[in-house]
Chemist: 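There's a structure below that I have some questions on.
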Amino acid sequence: MSVSSSGSAAYSGSLEGSNAQRGLWSSRLAFILAATGSAVGLGNIWKFPYVTGENGGGAFVLVYLLCIAIIGIPIMMAEVMIGRRGGHSPVNSIKAIAQRDGLNPAWKLVGAVGILAGFLILSFYSVIGGWAISYVGTTASGQLSGQTADAVGAIFSGLLSNPGTLLLWHTVFMALVMLVVAKGVRSGLERAVSILMPALFVLLLIVVGYAMTTGHFGQAAAFLFQPDFSKLTTSGVLVALGHAFFTLSLGMAVMMAYGSYLPKKISIAKTSITVSVIDTGVALLAGLAIFPIVFANGLEPGAGPGLIFQTLPLAFGQMPMGSLFGTLFFVLLIFAAWTSGISLLEPIVEWLEEQKGMNRTVSTLGAGVVCWALGITSILSLNLWADFAPLGFIPMLEGKTIFDLLDFFTANILLPLGGLLVALMAGWVMSKPAMEKELALSPGTFNLWFVTVRFITPIAVGVVFIYNLM
């Protein structure tokens, strides 16, 4: 039964051949585009430039690249392998593997943690996606042209203070995500990413080309690629470790869900490495697009989260053809957020199809509407509920709004917990012969992966987990 037409087959607890009853990616390229679309998001284009700026540039980038290699890729391979071997939604894939290998059925909670994390992230991620949609109109209309820093800041503050406007764009963004997911694997996810991802790459290259005309491209390249370890702190190393982990959409069950649609003939290792390389390349290109503009206007590269919605709009407002290229930049941001939003909704929709017997459209509508409603609490926490800190009696959470709590809870607890559990499951619990068969690597390469995911990855993720809580 094809997901693209009638939803997933009802979950039966089987393992062998389970993928054959479901919609599958048509090719390795389709999976790479979808997985890259999930990985490439606001983390690459919004967060990577500002955390790089805050942590000194080149040395931070070097540590980030090392973390991608020794932590990100091994966990991605493990998640995709679990999804493909189980052939169902993340929870039911692990349940099927547990039944087959005689594992404790409680391991299915690993999938549940990931699904919950993705669902909660989407609720506020959609709000930020709505900001990008709003800024397309703001930039295209020329409202930023010639504005002072205070005026640009006032435009952003005005957006955040207006719950009606935020609700409108949040609704539009969620509708775009639901529209794609409801159509299934080939008609929805695959068709969308086959258009959006090439368009995203083209837009990014156009903005990079524009950045090369600013006269500060060399300065930006040096900032990104010439390490100055005197600027790298212990905190910066841990931030690089955490960002490398989160930028690949790990710990949120996405790669398990996408892996469950992966044909057996496609190499998990090669596709995971390819996705990681492309994702990293997009992050670096985003830096090369943004930092020349920042330096050309005498702005601060470590401007923090406001870099995209306050610092860059100020720069676009001062530049020749700034309205055009500013508009292209925010369209690029929408495409990145959209492909990630699709992947965040997919795991819970897949689970509802299997567990509750819902068809694809009903499960998408149900999950999407609940996620949209939860997003309203994040919207209100930016304005009407700005002084409401539900868990303020806990010192660590003092002053955190609902928006802040959702971000903190997912980024600092659920995602590292999910990644840690995946590494422990693959490294210590699952059948080694079964993993060797699924990954189909040479003995030496498999042993390298196995040692990494068994020892190095859990320690590294555990350190990030503890540091974030502290």
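Being a predicted model, the structure only gives us computed values, none of them experimental.
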Chemist: Do I115 and E350 make a side-chain contact, defined as non-hydrogen atoms from C-beta onward lying under 4.5 Å apart?
Modeler: no
Chemist: Could you label the plane-to-plane angle of the F403 and W131 rings as parallel, tilted or perpendicular, counting under 30° as parallel and over 60° as perpendicular?
Modeler: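 F403 vs W131 ring planes: parallel.
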Chemist: Return yes if some donor-acceptor pair links the side-chain N/O of S340 with the main-chain N/O of S38 below 3.5 Å, else return no.
Modeler: yes
Chemist: I'd like to know whether M178 forms a side-chain contact (heavy atoms from CB on, under 4.5 Å) with W372, so could you lay out the CA-CA distance, the side-chain angles of the two residues, the decisive distance to 0.1 Å, and finally the verdict.
Modeler: CA-CA 10 Å; M178 292 162 63; W372 169 84; 5.8 Å; no
Chemist: Please check if atom CZ in R28 has more than 12 non-hydrogen atoms from other residues, nucleotides or ligands closer than 6.0 Å.
Modeler: yes
Chemist: Examine the side chains of D404 and T401 and answer whether a donor and an acceptor come within less than 3.5 Å of each other.
Modeler: yes
Chemist: Quick one: are L420 and L424 in side-chain contact, heavy atoms under 4.5 Å?
Modeler: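 Yes, close enough: below the 4.5 Å cut-off.
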Chemist: Any carboxylate oxygen within less than 4.0 angstrom of a Lys/Arg side-chain nitrogen, looking at R360 and E346?
Modeler: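 Salt bridge between R360 and E346, a charged N being under 4.0 Å from a carboxylate O: yes.
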Chemist: For a side-chain contact (heavy atoms from CB on, under 4.5 Å) with I379, tell me which candidate from L160, L166, T165 qualifies.
Modeler: L166
Chemist: Does the plane of the ring in F295 sit parallel, tilted or perpendicular to the ring in F223? Use 30° and 60° as the thresholds.
Modeler: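 Because their plane-to-plane angle is over 60°, the rings of F295 and F223 count as perpendicular.
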Chemist: Report yes if some heavy atom in the side chain of L312 is under 4.5 Å from a heavy atom in the side chain of V294; otherwise report no.
Modeler: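 Side chain of L312 against side chain of V294, heavy atoms only: contact under 4.5 Å found.
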Chemist: Given side chains that start at C-beta, do those of Y135 and I308 come closer than 4.5 Å, heavy atoms only?
Modeler: no
Chemist: Between F48 and Y64, is the ring centroid distance below 6.0 Å?
Modeler: yes
Chemist: Would you indicate whether the side-chain heavy atoms of V180 and W338 approach each other to under 4.5 Å?
Modeler: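 W338 reaches V180 side chain to side chain.
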Chemist: Rounded to the nearest 0.5 Å, what's the gap from CZ on F201 to CG on L204? Could you check?
Modeler: 8.5 Å
Chemist: Is it the case that N383 and N162 place a side-chain donor and acceptor less than 3.5 Å from each other?
Modeler: no
